[in-house]
Amino acid sequence: MPSSEPSTDVVVERTLIQSSATATTSPMNPRTLADVREEVAQSLALRMITKARTVDGVRIGVHFTFSKKDDRRFLRLVTSHIRARLPSSRYLFAIATTGASPTSRSTRGGARISNALVICGSDEDDVQRAVLLASSKFLGRVDAVQNTGTLLAASVRHIGSSYDDAALWDVLSKSVRTPIDPLLPPPGSRSIDQLLSDARSKLERMTPRQAYDALHDPTYPMPVFLVDIRPASQRAREGGIHGSLIIERNVLEWRFDPRCEARLAIADRYDLKIIIYCQEGYTSSLAAASLHELGLLNATDIVGGFAAWRAAGLPGQIRPPSTISDEESYQISQPSFDSDDVIDGV
């Protein structure tokens with residue numbers, strides 16, 4: 001967990017604010033716009049230092065502020081105050097402006113909003129690692145870059161989203177981490193057994209018989225669907241359950257997210273009982289847990305997968321949902337996705 005900064009920083013910030021107020025309230029010494037910018041820059045610098053996280057002994061922080069006139073100059077002023085207050089500490093900070101800048105250019109498609117991003121640090125290697133990592137986070141959005149070793153100043157279009165915030169924290173954290181033995185697992189990483197255990201802790205897993213009964217229970221309180229996520233080659237080799245939806249693993253989230261334009265027509269609600277199966281019940285657990293992240297909290301999987309279904313002697317075909325009468329034909333037209341299909345956001 002990130003450690004909090006010493007309380008002395010808070011005392012320093014309060015002292016600065018009090019002294020600034022005393023110095024500027026005299027009628028013989030009226031404040032100018034430059035004085036205001038200076039005070040705001042000092043306050044912002046101290047706020048960032050106070051709220052910084054510590055990673056391997058290095059202070060890091062990300063902050064977004066509203067766009068102002070001459071953003072780069074203002075952000076450089078902030079970094080100068082950070083440098084002055086941390087003369088002997090190792091740190092790495094990212095500061096960016098958000099919103100429409102007074103200097104934003106207009107194009108035929110509307111205003112081209114380009115904001116300032118500054119990454120500053122006490123160690124040049126930290127900053128240069130951050131530059132390399134950040135370049136992959138903002139592909140196609142960087143208009144201009146000025147790199148002076150311990151400070152990067154860039155113009156980045158439409159910065160300020162939750163993605164940008166998380167991306168910058170990720171950049172700073174990775175840039176200051178102490179090099180580790182490549183043969184040892186990094187701190188915070190989890191093995192596949194741990195991932196699988198964590199995934200299954202979220203699920204109410206079903207035996208093949210329980211899944212079969214739920215699929216054929218006309219009184220079940222919510223729509224129930226059986227989903228086969230195996231690749232085509234495995235289905236062809238091992239067989240399958242007629243009546244199940246074939247949604248291969250690489251498109252599953254896009255097909256069942258009610259907020260996604262590429263969803264199935266049936267995926268219009270969050271209480272669906274989606275029963276996933278793979279061949280042996282491992283991949284299906286991870287897939288069902290992923291649907292939980294989308295809000296589909298009734299998603300689950302079959303213990304033992306299709307192999308267990310077949311071993312239990314259950315039929316190779318399921319009846320349609322209880323909303324369709326036995327006399328009506330039931331067929332879902334489903335595109336066939338090969339395991340090599342790549343879905344890029346759709």
Side-chain angles (χ1 to χ4, degrees), residues 5 9 12-13 16-17 20 31-53 58-87 89-105 111-138 141-173 175-176:
E5 291 302 316
D9 286 327
V12 171
E13 182 174 5
L16 174 65
I17 294 172
S20 298
R31 291 196 303 175
T32 65
L33 180 59
D35 293 331
V36 174
R37 289 173 66 86
E38 179 76 18
E39 290 178 17
V40 173
Q42 288 185 30
S43 178
L44 179 55
L46 284 168
R47 191 180 309 124
M48 292 187 66
I49 293 172
T50 303
K51 295 184 177 181
R53 303 174 186 175
V58 185
R59 300 188 192 203
I60 66 170
V62 175
H63 188 82
F64 293 92
T65 184
F66 288 115
S67 183
K68 304 169 182 63
K69 186 177 181 181
D70 199 358
D71 284 347
R72 284 200 189 185
R73 183 178 177 184
F74 173 73
L75 295 187
R76 286 175 184 270
L77 185 59
V78 175
T79 64
S80 69
H81 286 294
I82 292 176
R83 189 177 300 111
R85 299 196 173 276
L86 297 175
S89 299
R90 188 175 163 198
Y91 63 86
L92 185 64
F93 290 100
I95 322 165
T97 59
T98 62
S101 169
T103 57
S104 295
R105 293 175 292 171
R112 184 186 180 112
I113 300 175
S114 187
N115 299 106
L117 167 66
V118 168
I119 298 177
C120 65
S122 56
D123 186 275
E124 184 173 341
D125 289 340
D126 291 343
V127 175
Q128 294 311 306
R129 280 193 290 269
V131 170
L132 291 174
L133 290 171
S135 64
S136 66
K137 303 283 189 179
F138 302 106
R141 295 168 56 192
V142 180
D143 290 330
V145 174
Q146 184 179 7
N147 189 343
T148 61
T150 57
L151 187 143
L152 166 77
S155 295
V156 183
R157 294 195 296 276
H158 301 287
I159 197 169
S161 67
S162 58
Y163 164 84
D164 296 333
D165 181 65
L168 286 172
W169 277 111
D170 182 69
V171 165
L172 301 189
S173 298
S175 298
V176 302

Checklist entry - Given side chains that start at C-beta, do those of F66 and T98 come closer than 4.5 Å, heavy atoms only? => result yes
Item to check | Side-chain heavy atoms of R37 within contact of F74, under 4.5 Å | outcome: yes
Next on the checklist: Restricting to side chain to side chain donor-acceptor pair (under 3.5 Å), what partner residues turn up for Q146, sequence neighbours left out?
Outcome noted: R76
Checklist entry - Does R141 have any side chain to side chain donor-acceptor pair (under 3.5 Å) partners at least two apart in sequence or in another chain, and if so, which? => result D164
Checklist entry - Within a strict 4.5 Å, meaning less than it, do heavy atoms of the V127 and L151 side chains meet? => result no
Item to check | Worked verdict on V118 versus R72 for side-chain contact (heavy atoms from CB on, under 4.5 Å) | outcome: CA-CA 8 Å; V118 168; R72 284 200 189 185; 5.6 Å; no
Checklist entry - Is the backbone N or O of A116 less than 3.5 Å from a side-chain atom of T97, with the two atoms forming a donor-acceptor pair by type? => result yes
Next on the checklist: Apply side-chain contact (heavy atoms from CB on, under 4.5 Å) to residues M48 and R59 and explain how you reach the verdict.
Outcome noted: CA-CA 10 Å; M48 292 187 66; R59 300 188 192 203; over 6 Å; no
Item to check | Residue of the set L168, I95, L92, I119 for which side chain to side chain contact (heavy atoms under 4.5 Å, CB included) holds with V62 | outcome: L168
Checklist outcome for this item: For G61 and L172, the nearest pair of non-hydrogen atoms, with its separation, is O-CD1, 3.2 Å
Item to check | Minimum heavy-atom distance S114-D143, with the two atoms named | outcome: OG-OD2, 3.1 Å
Checklist outcome for this item: H81 and A45 have their tightest heavy-atom pair at CB-CB, 3.6 Å
Item to check | Step-by-step side-chain contact (heavy atoms from CB on, under 4.5 Å) determination, D123 to V58 | outcome: CA-CA 10 Å; D123 186 275; V58 185; over 6 Å; no
Item to check | Donor-acceptor contact present, side-chain Y163 to main-chain K137, <3.5 Å | outcome: yes
Next on the checklist: Let's go through F64 and N115 carefully: what are the C-alpha distance in whole Å and the side-chain angles of both, what is the deciding distance for side-chain contact (heavy atoms from CB on, under 4.5 Å) to 0.1 Å, and is it a yes or a no?
Outcome noted: CA-CA 11 Å; F64 293 92; N115 299 106; over 6 Å; no
Next on the checklist: Looking at every heavy atom in both G149 and Q128, which two are closest together, and how far apart are they?
Outcome noted: O-NE2, 2.8 Å
Checklist outcome for this item: Tested for side chain to side chain contact (heavy atoms under 4.5 Å, CB included) against V142, the lone hit among V156, I159, L117 is V156
Item to check | Any donor-acceptor N/O pair, D170 side chain to A167 backbone, under 3.5 Å | outcome: no
